[in-house]
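Worth saying up front: this structure is predicted, and the values here are computed from it rather than measured. Chain letters run A, B, ... following the sequence lines, proteins first, then strands; residues in each count from 1.
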There are 2 protein chains.
Amino acid sequence: MPTRTLHLNAFLMGVGHHEAAWRHPRTEPARLTDVRHYQQLARIAERGRLDSVFLADSLALQGDVRHNALGGLEPLTLLAALAAVTDHVGLIATVSTTYNEPFHVARKFASLDHISGGRAGWNIVTSAGEAEARNFGIERPAHADRYARAAEFLDVVTGLWDSWEDDAVVGDRLGGVYADAGRIHPLDHDGPHFRVRGPLNTSRPPQGHPLLVQAGSSEDGKDFAARYAEAVFTAQQTLADAQAFYTDLKGRLARYGRHPGDLLVLPGISPVIGSTEREARRLEQELQDLIIPAYGLAQLSHLVGIELTEDALDRPLPDVSAETEGAQSRRRLVIDLARRENLTVRQLLGRLAGGRGHRVLAGTPERIADEIQLWFENGAADGFNVMPPVLPGGLEDFVDHVVPELQIRGLFRREYEGRTLRDNYDLPRPASRRARPPAGERPDAADTVGSADAVVAS
Amino acid sequence: MPTRTLHLNAFLMGVGHHEAAWRHPRTEPARLTDVRHYQQLARIAERGRLDSVFLADSLALQGDVRHNALGGLEPLTLLAALAAVTDHVGLIATVSTTYNEPFHVARKFASLDHISGGRAGWNIVTSAGEAEARNFGIERPAHADRYARAAEFLDVVTGLWDSWEDDAVVGDRLGGVYADAGRIHPLDHDGPHFRVRGPLNTSRPPQGHPLLVQAGSSEDGKDFAARYAEAVFTAQQTLADAQAFYTDLKGRLARYGRHPGDLLVLPGISPVIGSTEREARRLEQELQDLIIPAYGLAQLSHLVGIELTEDALDRPLPDVSAETEGAQSRRRLVIDLARRENLTVRQLLGRLAGGRGHRVLAGTPERIADEIQLWFENGAADGFNVMPPVLPGGLEDFVDHVVPELQIRGLFRREYEGRTLRDNYDLPRPASRRARPPAGERPDAADTVGSADAVVAS
Ligand SMILES: Cc1cc2nc3c(=O)[nH]c(=O)nc-3n(C[C@H](O)[C@H](O)[C@H](O)COP(=O)(O)O)c2cc1C
Ligand SMILES: Cc1cc2nc3c(=O)[nH]c(=O)nc-3n(C[C@H](O)[C@H](O)[C@H](O)COP(=O)(O)O)c2cc1C
């Protein structure tokens with residue numbers, strides 16, 4: 001039986017995941033818009049043989065820019081520039097299904113997949129923020145509507161990726177046949193949200209489909225993941241909660257004809273690394289001392305849906321009512337955390353500053369490897385979404401000290417074995433659903449592209 | 001008085017601009033989706049000190065893929081990968097205003113401008129193709145409506161680029177002030193096509209505004225260019241027509257408070273280069289011999305708006321009626337060309353195969369430099385859009401043989417003088433229209449960003 005291997009994704013977030021990272025001497029906030037910063041991070045991840053790097057995104061200036069390093073780069077564009085300086089590490093970009101058109105999204109990921117030689121991944125989000133809607137002239141659609149649109153969006157995008165069969169390009173110069181038009185199919189999608197004729201005007205991506213990643217944890221979010229996603233990011237505070245989430249999500253796969261191994265669960269971990277426990281605690285404390293409470297208070301107020309002011313700081317979190325139309329699962333996690341540990345609002349802010357609800361773990365490389373191993377071997381994780389508190393330093397620490405420890409334990413690869421992101425994650429390449437049927441069952445002409453559409457004169 | 005210098009853009013089109021390029025032994029059609037091919041082209045352009053490279057785009061598979069190399073990469077994503085391997089050459093991508101949202105477009109170009117250190121340019125198109133609309137679930141809007149939307153689109157995009165003042169980012173770690181919120185402004189645009197609150201969530205691009213390029217030649221197209229564009233691509237067959245276009249366009253600028261030097265006119269030229277006239281003619285003939293008439297016939301039928309069949313080949317172009325809702329100017333040019341030179345349809349197809357209506361010029365480097373100089377010095381061009389028949393070979397020939405000839409004549413730079421695309425084109429960096437007014441006239445709080453919007457928990 002082949003041993004199960006751990007998967008590691010580096011979540012690249014400006015100059016670090018800690019909300020005060022930009023104030024710490026180990027970072028340079030001016031690097032927020034400097035491509036060389038991100039190229040350095042991707043190279044570090046590749047040196048550590050990590051599966052992938054990942055960029056989050058939102059479609060509005062959210063959070064108080066007075067007190068945090070905001071205003072960075074658009075992920076897909078940035079990842080193309082990282083593809084140019086790396087060879088193996090996967091490149092996962094966040095793109096919203098609520099404020100985009102599937103044709104554009106299919107095309108951009110197909111292009112990134114070609115450009116990177118099969119290393120593109122898509123973190124599919126439905127955009128929980130209200131400010132995002134206002135940049136597109138609409139009201140934020142309700143939670144369930146966002147997921148309904150997302151499902152149809154995925155059907156269109158994967159359909160477009162399949163619109164060119166793998167061997168559609170023939171390249172017969174002498175015979176004058178560039179492509180076999182019988183292997184390029186219109187999509188003719190006609191649904192409640194989208195009408196898309198297709199085919200795509202980019203040939204089939206090297207991976208067939210770029211890797212599909214998702215991170216919603218609400219009921220709708222988990223069902224969506226079970227149906228479409230191949231990797232799931234999640235914020236989990238305790239082993240028990242992580243196990244419950246893992247079991248829940250894997251259990252939903254059968255409904256969609258899928259197997260537990262078809263989807264990887266990757267909880268977030270923010271490792272605050274020191275060569276001694278004490279050194280790790282010191283770095284953690286330095287960061288905590290740089291927190292600006294007003295910043296976190298605004299974030300928390302928004303998340304739980306009530307206005308919290310400075311006088312609330314030294315009291316427990318007040319009672320908060322039912323579900324909102326925003327992000328549902330993170331809200332639940334934060335409320336549970338405050339209740340379980342009896343935290344004041346100030347203490348809660350301290351706990352959220354490092355990882356926005358993801359698990360923060362300060363300690364030696366061995367200690368961090370222990371926890372990774374514990375979760376990995378006890379049905380809580382297939383790997384981790386690594387969220388360094390400061391960048392690039394925190395990623396270097398992880399790659400130079402935690403990764404070797406995981407390699408010694410036989411948990412993590414020493415060399416890349418394949419070339420694509422799917423190879424890294426041990427996930428299969430999907431066949432085109434439009435692949436050539438046996439002779440005698442060839443599609444009729446109406447199902448293949450004709451010659452009627454002319455090129456725009458450029 | 002400073003000497004006026006010529007500007008040169010390399011129009012990168014798959015494996016060449018000739019429609020049969022993919023069949024010629026000097027190309028490798030498999031490179032259509034290979035990023036290294038485009039990286040090589042960008043490096044060749046940079047070696048020749050060219051101002052910029054440019055990628056066209058459409059949003060549908062148009063033209064008969066059986067007979068031409070179609071299905072390439074999305075330009076913005078590709079240009080980010082070219083930015084990573086070049087230092088000076090400008091990077092111009094085509095993006096449609098008809099099938100996009102201004103927030104996304106502003107953000108992607110701002111990102112590419114940061115990534116490239118100020119080398120991004122946008123070829124603004126309104127998408128004349130009918131097939132494009134069908135990938136977005138709508139009917140193609142009428143010609144005038146497309147340009148009306150484009151104008152509002154530009155107001156929003158430039159407004160978003162201006163939403164962060166240049167010095168908005170303060171980076172005061174000790175004081176805990178990342179940005180001066182008083183220098184980041186919402187847009188609050190509310191127009192017939194778009195409602196966009198802003199501000200952008202990417203800080204101001206290095207160039208202020210990425211360079212604005214356009215290529216419409218209809219009346220609406222020229223007015224749009226006169227109002228917004230800083231460089232214009234155009235297809236012109238004769239010196240007289242090019243002079244008329246140049247005078248017409250420059251004459252429209254004053255209406256918008258602009259000066260003739262604020263907009264550069266760049267006609268297309270497809271140089272078929274040989275060390276002797278005979279060698280050039282031989283290459284031209286080799287390419288003509290590889291033409292597949294059915295391909296060009298479909299293109300031409302679509303452009304002129306009547307169905308032309310193989311029996312039409314050896315007769316003159318039939319009478320064609322008035323304007324269409326598609327691309328207006330190219331249609332006029334093609335009809336005029338056929339009438340002026342009394343061409344049969346077959347002859348016309350031969351004339352269009354090399355440059356789709358752009359001027360094809362076969363000859364020695366000196367001969368090509370002569371024509372460039374003639375147009376440049378006689379009010380027909382500020383520079384050229386160079387469209388090599390085969391790639392990379394045709395671009396290498398141009399850079400190695402025509403560029404030195406232009407340098408010897410003192411027409412073209414020997415070294416890059418600045419760092420940005422605007423530097424290359426000698427165009428100024430626009431100030432933010434939201435730049436900080438003198439003390440006492442500071443905007444009130446409603447015009448600056450507040451702290452109400454919270455970050456989405458990722
Ligand atoms: C690690 C991680 C990364 C995420 N990245 C993004 C992101 O980049 N953009 C975004 O809008 N939401 C992001 N999310 C939020 C989720 O996609 C989702 O919207 C959120 O969890 C709310 O969904 P739910 O209501 O299904 O829980 C992220 C969540 C996690 C755990
Ligand atoms: C050099 C050049 C490049 C062009 N590139 C594109 C392009 O990439 N995509 C596109 O849709 N149209 C492109 N066009 C077409 C023009 O943008 C415009 O749509 C066309 O000329 C019709 O506009 P009009 O009706 O104003 O003449 C290009 C035109 C020229 C001359």
Side chain, backbone, both or neither: which part of Leu79(B) has an atom under 4.5 Å from a heavy atom of chain A? neither
Cut-off 4.5 Å, heavy atoms of chain B, and the answer for Phe194(A) is neither
Closest non-hydrogen atom pair between Trp164(B) and Leu61(A), with its separation: CZ2-CD1, 3.8 Å
Highest number of heavy-atom pairs under 4.5 Å with chain A: which of Ser301(B), Gly72(B), Ala20(B)? Gly72(B)
Tell me if the CD atom of Glu28(B) is crowded by more than 12 foreign heavy atoms within 6.0 Å. no
Counting only non-hydrogen atoms closer than 4.5 Å, does Ala179(A) touch chain B with its backbone (N, CA, C, O), its side chain (CB onward), both, or neither? both
For Ser111(A) and Glu74(B) the tightest heavy-atom approach is OG-N, 2.9 Å
For Leu32(B) and Tyr178(A), work out which heavy atoms get closest and say how close. CD2-OH, 3.5 Å
Provide the closest heavy-atom pair for His67(A) versus Gly176(B) in the form atom of the first, atom of the second, distance. ND1-O, 3.0 Å
Audit row: Thr77(B), Thr77(A), side chain to side chain contact (heavy atoms under 4.5 Å, CB included) steps and yes/no: CA-CA 5 Å; Thr77(B) 317; Thr77(A) 316; over 6 Å; no
Who wins among Leu59(B), Val85(B), Val169(B), Asn123(B) for the most heavy-atom pairs under 4.5 Å with chain A? Leu59(B)
Atom group of Val196(A) that falls short of 4.5 Å from chain B, counting heavy atoms: both
Salt bridge or not between Asp57(B) and Arg107(A)? Use side-chain N to carboxylate O under 4.0 Å. yes
Options Leu352(A), Leu82(A), Thr27(A), Leu112(A), ranked by heavy-atom pairs under 4.5 Å with chain B, top entry: Thr27(A)
Using non-hydrogen atoms only, which part of Phe11(A) is less than 4.5 Å away from chain B: side chain, backbone, both, or neither? side chain
Residue from Val125(B), Val35(B), Val334(B), Thr202(B) scoring the most non-hydrogen pairs under 4.5 Å with chain A is Thr202(B)
Which atoms of Asp172(A) come close to chain B, meaning under 4.5 Å heavy atom to heavy atom: side chain ones, backbone ones, both, or neither? backbone
Minimum heavy-atom distance between Arg23(A) and Gly175(B), given as atom pair plus value: NH2-C, 4.3 Å
Are Tyr99(A) and His104(B) close enough that their ring centres sit under 6.0 Å apart? no
Asn135(B) CG to Leu160(A) CG distance, which is reported to the nearest 0.5 Å: 7.0 Å
Heavy-atom pair of closest approach, residues Ala84(B) and Ala81(A): CB-O, 3.8 Å
Please classify the contact between Ser96(A) and chain B as side chain, backbone, both or neither, with a heavy-atom cut-off of under 4.5 Å. neither
